[in-house]
Amino acid sequence: MCGDGVSHDPSLRQQGTPMKTFLQRFGGLVLGVLSGFDRLVFRGKLCPLYAPEGMNSYLAANKVLRKHFEKHVHEVTQQVLAASLIERAKARDRFEYLNSTNIDKDGVARSYAKKHRVSEGLVCVLQCVEPCWSYALESKQQVLSVRGKPRKCSHLYHYFIDPQLGWMYVRLQTWFPFEMQVYVNGREWLARSLDRAGLKYRRSDNKILWVEDWSRAQELLDRQLRTNWPRLLDAFQRQVHPLHPSHLGKLAHLHYNWTVHQSEWATDVAFAARAELAKWMAAWQRQAMNYDSAEILRFLGRTGRLQSNCPWPVETEWKRLYEGLRIKHWVDKNALKLYDHLNIGRVELTINDVEFFQVYRAAQTDPEGPKDWRVMRRSVADLHRRAEVSQKVNERYLEAMATVKETRTVKELVEPLCQPVKEPGKKAERKVRALNPWSPEDAALLRAITDPKWMVTGIRNRDLVAVLYPMEANDATEKRRRSARVTRLLRLLRGHGLLHKVPKTHRYQISAHTRSIVAALLAAAAANAAELTAQAA
């Protein structure tokens with residue numbers, strides 16, 4: 001037990017560098033940290049049926065005439081319904097037809113679980129007509145054809161309390177092409193794993209507020225990444241859609257291809273006291289509201305020079321929820337959130353559009369070929385990479401939040417920088433000059449090195465040249481002069497401990513300690529006299 005009466009886990013000291021930096025600043029207030037998937041939505045498709053001539057190929061293989069299309073698909077749907085779990089659910093009074101898509105299905109399912117005291121297995125089956133992608137018969141110039149188009153059809157929602165996954169559902173589209181959707185929650189999974197491991201914990205909603213062994217809990221959460229997801233999802237398909245694949249006739253060889261439709265990766269920081277979290281959450285959100293679009297894109301891993309006509313719209317919104325405060329950065333269809341719930345501060349990345357991110361892999365058409373940075377796939381094959389990318393985004397965001405904790409006066413921050421210091425790596429007593437944070441040149445230099453994009457790649461001589469000299473030099477002599485000056489500036493920054501060199505590279509990294517110093521200095525420089533007087537009062 002620590003001096004504050006709270007059990008802190010030693011694994012906090014073993015986190016990655018950004019998390020370690022965050023915890024060095026807040027470690028005395030933090031119980032532990034858990035990172036892993038929260039919401040996961042998988043989709044299963046019979047891919048050949050989605051091809052332009054997919055349904056026509058199916059009809060031809062099964063010798064179904066176009067004029068008999070509507071009758072045939074209706075008969076197959078009735079067979080699918082007859083083989084489903086509807087009758088089993090009705091026999092247990094756990095079936096309900098919902099006449100509106102606006103009805104909260106999760107709420108209805110939980111009422112069934114409470115009413116029937118379901119602790120494991122099938123909770124209920126809900127039927128509802130919803131929009132979908134299906135097929136329709138069209139006649140053009142007296143020629144019948146089948147085309148895919150948006151339609152509406154009946155869907156079956158099967159809610160379960162699974163021994164391994166906990167609360168979940170499986171949705172089945174009851175018309176061709178019989179698309180499936182499976183929802184699971186990573187924290188539900190973790191709670192079940194903690195129960196099996198015999199670990200004590202406290203939980204609220206999908207948050208683990210406290211656990212007796214944080215390291216062990218993280219290990220259990222990491223097992224999700226080693227799961228054989230296709231095999232697990234196929235098992236649910238056989239349970240709720242047992243007619244597959246026999247209803248496809250000559251195409252009975254088709255199997256479901258599983259992709260990740262949506263993922264939420266959450267990093268939960270458990271504070272020892274709600275009051276401490278509330279104080280810092282307010283400060284973090286004030287800082288987050290000031291991030292511009294480029295900074296948000298840097299957090300999400302975008303590097304290089306971002307043009308003004310950036311193809312990814314960025315929006316930030318602030319809300320006060322029942323649980324606490326929430327700030328959300330939308331980047332096109334993806335979102336990065338920061339919010340609190342009781343003693344949990346959560347940073348969460350939601351990925352809906354994987355094409356925004358990249359993965360180092362071989363081409364899909366040549367699995368054994370050379371690897372390169374390519375667009376991330378929805379396939380479960382890239383789930384591990386999705387987790388890796390998401391964790392780095394959350395860590396970069398938390399590192400930026402760590403700068404808020406700076407409590408020293410501006411005088412205390414500035415004084416060490418305003419003194420000449422010994423040049424790093426030199427045996428002789430060679431010194432570098434003092435910095436003047438108030439001069440335009442040094443202020444521009446400090447702003448340049450604290451750009452969030454360097455959190456991803458580190459900064460090089462050429463990068464700093466591009467920032468300090470926006471107009472490109474055409475003369476070779478001028479290029480050398482600029483590079484030489486930046487080399488001296490890098491030496492200056494290293495001498496003052498503001499940058500450190502990445503071993504065996506030509507890149508430099510800025511520490512969270514440096515970021516906090518520079519953020520405070522720039523904020524003070526930008527403040528007017530009235531603001532400073534008000535703060536002093």
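Any value given below was found using the heavy atoms of this structure, including those in side chains, with hydrogens, waters and symmetry copies removed. This chain uses plain numbering: 1 for the first residue, then up along the sequence.
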*For Leu40 and Ser263, which heavy atoms make the closest approach, and how far apart are they?*
CD2-CB, 3.8 Å
_Could you go through Ser119 and Ile161, starting from their C-alpha distance and side-chain angles, then the distance that decides it, and tell me whether this counts as side-chain contact (heavy atoms from CB on, under 4.5 Å)?_
CA-CA 7 Å; Ser119 59; Ile161 299 180; 5.7 Å; no
Mind listing the side-chain donor-acceptor pairs of residues 167-181 below 3.5 Å, one per line with the distance, residues two or more places apart or on another chain?
{"from": "Trp167", "atom 1": "NE1", "to": "Asp106", "atom 2": "OD1", "distance (Å)": "2.9"}
{"from": "Tyr169", "atom 1": "OH", "to": "Gln181", "atom 2": "NE2", "distance (Å)": "3.0"}
{"from": "Arg171", "atom 1": "NH1", "to": "Glu130", "atom 2": "OE1", "distance (Å)": "3.3"}
{"from": "Arg171", "atom 1": "NH1", "to": "Tyr157", "atom 2": "OH", "distance (Å)": "3.4"}
{"from": "Gln173", "atom 1": "NE2", "to": "Trp133", "atom 2": "O", "distance (Å)": "3.3"}
{"from": "Gln173", "atom 1": "NE2", "to": "Trp175", "atom 2": "O", "distance (Å)": "3.2"}
{"from": "Gln173", "atom 1": "NE2", "to": "Phe176", "atom 2": "O", "distance (Å)": "3.3"}
{"from": "Thr174", "atom 1": "OG1", "to": "Ser154", "atom 2": "O", "distance (Å)": "2.6"}
{"from": "Glu179", "atom 1": "OE1", "to": "Tyr50", "atom 2": "OH", "distance (Å)": "2.9"}
{"from": "Gln181", "atom 1": "OE1", "to": "Arg43", "atom 2": "NE", "distance (Å)": "3.1"}
{"from": "Gln181", "atom 1": "OE1", "to": "Arg43", "atom 2": "NH2", "distance (Å)": "3.4"}

*Do Lys71 and Val64 come within less than 4.5 Å of each other through their side chains, counting heavy atoms only?*
no
*asked:* So which atom in Gly345 and which in Met281 form the shortest heavy-atom distance, rounded to 0.1 Å?
replied: CA-CE, 4.1 Å
*asked:* Can you tell me how far apart NE2 (His68) and CG (Leu137) are? Round to the nearest 0.5 Å.
replied: 11.0 Å
*Rounded to the nearest 0.5 Å, how far does SG of Cys124 lie from CG of Asp93?*
10.5 Å
*Could you please spell out the steps behind the salt bridge (Lys or Arg N to Asp or Glu O under 4.0 Å) verdict for Glu399 and Lys392?*
CA-CA 10 Å; Glu399 182 178 6; Lys392 289 185 180 297; over 6 Å; no
_Worked check of side-chain contact (heavy atoms from CB on, under 4.5 Å) between Phe356 and Val331_ = CA-CA 9 Å; Phe356 180 88; Val331 181; 3.8 Å; yes
_salt bridge (Lys or Arg N to Asp or Glu O under 4.0 Å) partners for Lys337, two or more places apart_ = Glu348
_Working to the nearest 0.5 angstrom, can you tell me the gap between Leu65 CG and Leu144 CG?_
10.0 Å
*What pairs of residues pass the ring-ring contact (aromatic ring centres under 6.0 Å, His included) test when at least one of them lies in residues 216-236, not counting sequence neighbours?*
Phe42-Trp229, Trp189-Trp229
_Can a donor-acceptor pair be found, under 3.5 Å and without considering hydrogens, that links the side chain of Asp205 to the backbone of Lys207?_
no
_Can you confirm if the aromatic rings of His158 and His241 lie within a centre distance of less than 6.0 Å?_
no
*Side chains of Glu219 and Arg223: does their closest heavy-atom pair fall under 4.5 Å?*
no
*Answer yes or no: is there a side-chain heavy-atom contact under 4.5 Å between Leu156 and Leu81?*
yes
*Can you run down the ring-ring contact (aromatic ring centres under 6.0 Å, His included) pairs that involve residues 74-119, sequence neighbours left out, and say none if there aren't any?*
none
_Applying side chain to side chain contact (heavy atoms under 4.5 Å, CB included), can you list everything that pairs with Ser246, at least two apart in sequence or on another chain?_
Leu243
*Specify whether Phe37 and Trp265 have parallel, tilted or perpendicular ring planes, treating 30° as the upper limit for parallel and 60° as the lower limit for perpendicular.*
perpendicular
*Ala217 versus Leu190, closest heavy-atom pair with distance*: O-CD1, 3.5 Å
_Using side-chain heavy atoms (C-beta onward) and a distance below 4.5 Å, is Val269 in contact with Phe26?_
no
_Qualifying salt bridge (charged side-chain N to carboxylate O under 4.0 Å, His left out) pairs with a residue from residues 131-143, counting only residues at least two apart or across chains_ = none
*asked:* Which residues pass the salt bridge (Lys or Arg N to Asp or Glu O under 4.0 Å) test with Glu317, not counting sequence neighbours?
replied: Arg326
*With no hydrogens and no angle check, is any side-chain donor or acceptor of His261 less than 3.5 Å from a backbone partner on Thr259?*
no
*Would you confirm whether Trp284, through its side chain, and Met401, through its main-chain N or O, come within 3.5 Å as a donor-acceptor pair?*
yes
*asked:* Checking Arg39 now: which residues fulfil side chain to side chain contact (heavy atoms under 4.5 Å, CB included) with it, not counting sequence neighbours?
replied: Val41, Tyr183, Gln262, Glu264
*asked:* Quick check for you: to the nearest 0.5 Å, what is the distance between Ile296 atom CD1 and Thr316 atom OG1?
replied: 5.0 Å
*Regarding Arg110 and the six-membered ring of Tyr159, is the cationic atom NZ or CZ under 6.0 Å from the ring centre and inside 45° of its axis?*
no
*Given side chains that start at C-beta, do those of Lys149 and Arg151 come closer than 4.5 Å, heavy atoms only?*
yes
*Residue pair Arg187 / Leu221, side-chain heavy-atom distance below 4.5 Å*: yes
*How would you list all residue pairs meeting salt bridge (charged side-chain N to carboxylate O under 4.0 Å, His left out) that involve residues 227-244, not counting sequence neighbours?*
none
*Is the side chain of Glu188 donor-acceptor paired with the backbone N or O of Asp162 at a distance under 3.5 Å, no angle test?*
no
*Supply the atom-to-atom distance Gln224 CD to Arg226 CZ, rounded to the nearest 0.5 angstrom.*
10.5 Å
_If the condition is salt bridge (Lys or Arg N to Asp or Glu O under 4.0 Å), which residues does Arg94 pass it with, not counting sequence neighbours?_
none
*Inter-residue atom distance Gln164.CD - Thr227.OG1, 0.5 Å rounding*: 6.0 Å
*asked:* Is the distance from the ring center of His329 to that of Phe299 below 6.0 Å?
replied: no
*asked:* Please enumerate all residues that pass side chain to side chain contact (heavy atoms under 4.5 Å, CB included) together with Arg377, with sequence neighbours excluded.
replied: Arg361, Gln364, Ser379, Ala381, Asp382
*Identify the two heavy atoms, one from Glu96 and one from Leu98, that lie closest to each other, and give their separation to 0.1 Å.*
OE2-CD2, 3.6 Å
_Could you walk me through whether Asp268 and Arg346 satisfy the salt bridge (Lys or Arg N to Asp or Glu O under 4.0 Å) test, starting with their C-alpha distance in whole Å, then the side-chain angles of each, then the deciding distance to 0.1 Å, before giving a yes or no?_
CA-CA 5 Å; Asp268 291 341; Arg346 170 173 284 193; 2.5 Å; yes
*Answer yes or no: is there a side-chain heavy-atom contact under 4.5 Å between Arg274 and Asp340?*
yes
_Walk me through whether Glu295 and Arg298 qualify under salt bridge (Lys or Arg N to Asp or Glu O under 4.0 Å)._
CA-CA 5 Å; Glu295 289 174 311; Arg298 301 301 185 196; over 6 Å; no
*For the residue pair Leu232 and Val182, establish whether any side-chain heavy-atom pair is separated by less than 4.5 Å.*
no
*asked:* Looking at Lys105, I'd like to know if its NZ atom is crowded, meaning that more than 12 non-hydrogen atoms belonging to other residues, nucleotides or ligands lie closer than 6.0 Å.
replied: yes
Listed pairs under 3.5 Å, donor-acceptor, residues 55-63 side chains, sequence neighbours left out:
{"from": "Asn56", "atom 1": "OD1", "to": "Arg66", "atom 2": "NE", "distance (Å)": "3.1"}
{"from": "Asn56", "atom 1": "OD1", "to": "Arg66", "atom 2": "NH2", "distance (Å)": "3.4"}
{"from": "Asn56", "atom 1": "ND2", "to": "Glu53", "atom 2": "OE1", "distance (Å)": "3.0"}
{"from": "Asn56", "atom 1": "ND2", "to": "Val146", "atom 2": "O", "distance (Å)": "3.4"}
{"from": "Ser57", "atom 1": "OG", "to": "Glu53", "atom 2": "O", "distance (Å)": "2.9"}
{"from": "Tyr58", "atom 1": "OH", "to": "His72", "atom 2": "NE2", "distance (Å)": "2.8"}
{"from": "Asn62", "atom 1": "OD1", "to": "Lys250", "atom 2": "N", "distance (Å)": "2.9"}
{"from": "Asn62", "atom 1": "ND2", "to": "Tyr58", "atom 2": "O", "distance (Å)": "3.0"}
{"from": "Asn62", "atom 1": "ND2", "to": "Leu248", "atom 2": "O", "distance (Å)": "3.3"}

